[in-house]
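These values consider heavy atoms only, across backbone and side chains, with no hydrogens, waters or symmetry-generated copies. Not measured: the values here are computed from a predicted model. The chains referred to below are lettered A, B, ... by the order of the sequence lines, with proteins before strands, and numbering in each begins at 1.
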2 protein chains.
Amino acid sequence: MTDAKAMDTRQRLLAAGERLFRTQGYAGTGLKELTEVAGAPWGSLYHFFPGGKEQLGAEVMRYAGALYARGIAATFMRFTDPAEAAERMFLSEASVLSASDYRDGCPIASVTLDIASTSEDLRAACAEAFASWLQTIAAGLAAAGAPDETAKALAGFILSALEGAIVLARAAKNPAVLLQSARFVRAAVEREAEGWTSR
Amino acid sequence: MTDAKAMDTRQRLLAAGERLFRTQGYAGTGLKELTEVAGAPWGSLYHFFPGGKEQLGAEVMRYAGALYARGIAATFMRFTDPAEAAERMFLSEASVLSASDYRDGCPIASVTLDIASTSEDLRAACAEAFASWLQTIAAGLAAAGAPDETAKALAGFILSALEGAIVLARAAKNPAVLLQSARFVRAAVEREAEGWTSR
DNA sequence: GTCTATAATACGATAGAC
DNA sequence: GTCTATCGTATTATAGAC
């Protein structure tokens, strides 16, 4: 099937974008390098993404956004205690970072800091990815009994702490700040949850 | 005085680096653009920074690191209640972001995500800048009575939440997440501080 | 319709004029 | 000893061969 193969290279380009953007950022990643990593011929990039780098970037944001949102949802499904689920997000990220020698950060954050001020389309794509994660976290909190407004605010706080801890951990090449933040975030969620639990 | 003028252009180059890196990142900033913004001739860059872009980047990290550390110290000096001081850091950043239409983020974070995996020298310079901020925050907490270990951990948590909130706020072009996180961080500090206050 | 070869440009870095 | 003009390279994008 020619369609299946086409989808495959397209998918490989998106996956390569996700991998490279999270380690090098958007501006620091060349399209030549990207096609090489994807094992795709040079011309295929403009075949699948006629809009060039900017279109590819935006679609990588959507791809990575959906990918990670599934992971967050799975975590909140697996750990029904929202405080534990939140803590697990930090611990899981600590594993990813140390396993990759602190290379594999967050692709959305990297691209955001690179282009938030220069490309409105890409910025909007980043915002949408973050929004979907916030919505996923908030849904997990709401499932545990959090009122809607509390769930939204708490989700913003959890994701902020996580994203910031990733930045600090990568700079220091040390997971300590992730583990520290995990404890405080867990405590904060527990404290909030006291208000929801009926008993 | 020729020395004074030389220091001036050098300083202007550093200041331009700080401004451009925080909006565009390291890889996204061209040296030509940087010298133009600094109002400095092209050649002066390699006169003052023979090591080229990488040396300039590292020195900008030191410059911005020291600059912001003074601001953090001033905040903890002005607001002796550490919970309020922490909250003020978030509110102040919200002002900076909305005043700059969400362009002026954190230069250290931007550079970290761009080059943590590609330049060891720059990564170390970023780590040192963050470490000085953490130390400043921890000192402010310790001055309010926090035990050393608690102060260090809490400082990591506060700065993580702040850095992450900046990223999310810039993507969304919305300060809400900064204000939300401010509340939770303030509550967390207050809760911890219950253990220190003698009365 | 896929891909190779190439164009046009911007980059970081250098060398030589003043 | 400052700065302007230029080099080589790498970038994004295109155009034409199969």
Give each protein N/O atom lying under 3.5 Å from an N/O atom of nucleotides 4-7 of chain C, with the pair distance.
unit_1	atom_1	unit_2	atom_2	d
C/dA5	N6	A/Trp42	NE1	3.1

- Evaluate the side chain to side chain donor-acceptor pair (under 3.5 Å) criterion for residues B/Ser117 and A/Arg170: first the C-alpha distance (whole Å), next the side-chain angles of each, then the deciding distance (0.1 Å), finally the verdict. CA-CA 9 Å; B/Ser117 311; A/Arg170 288 190 70 195; 3.0 Å; yes
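- A salt bridge does not link B/Asp104 with B/Arg19: every distance from a Lys NZ or Arg NE/NH1/NH2 to an Asp or Glu carboxylate oxygen is 4.0 Å or more.
- Taking atom CG on A/Leu31 and atom P on C/dA8, their separation rounds to 19 Å, with Å as the unit.
- In this structure, B/Leu45 places its CG atom 13 Å from P of C/dC11, rounding to the nearest Å.
- Using the six-membered ring where Trp is involved, A/Phe157 and B/Phe157 have ring planes that are perpendicular, over 60° apart on the 30 and 60° scheme.
- For the segment residues 52-63 of chain A, the set of residues with a heavy atom within less than 4.0 Å of an atom of DNA chain D comprises A/Gly52, A/Lys53, in numerical order.
- Under the 4.5 Å side-chain heavy-atom criterion for ILVMFWY residues, no single connected hydrophobic cluster contains both B/Val96 and B/Ile158.
- Rounded to whole Å, atom P of D/dA10 lies 12 Å from atom CD of A/Glu33.
- The residue A/Thr35 sits apart from the nucleic acid: no heavy atom pair falls under 4.0 Å.
- Within a 6.0 Å sphere centred on NZ of B/Lys152, heavy atoms belonging to other residues, nucleotides or ligands number 12 at most.
- Remark: C1' of D/dA13 and CZ of A/Phe48 are 18 Å apart, rounded to the nearest angstrom.
- Look at OH on B/Tyr46: it is 18 Å from P on D/dT6, rounded to the nearest Å.
- A/Glu190 and A/Arg186 are joined by a salt bridge, as a carboxylate oxygen and a charged side-chain nitrogen come within less than 4.0 angstrom of each other.
- Between the CZ atom of A/Arg10 and the C1' atom of C/dT2 there is a distance of 16 Å, given to the nearest Å.
- Applying the salt bridge (charged side-chain N to carboxylate O under 4.0 Å, His left out) test to A/Glu18 and every residue at least two apart in sequence or in another chain returns A/Arg22.
- Summarising the geometry, atom CG belonging to A/Leu168 is positioned 5.0 Å from atom CG belonging to B/Leu159; distances are rounded to the nearest 0.5 Å.
- B/His47 has its NE2 atom 19 Å from the P atom of C/dG16, to the nearest Å.
- The distance between atom CD of A/Glu36 and atom P of C/dC3, rounded to the nearest whole Å, is 15 Å.
- The CG atom of B/Leu56 lies 11.0 Å from the CD atom of B/Glu54; values are rounded to the nearest 0.5 Å.
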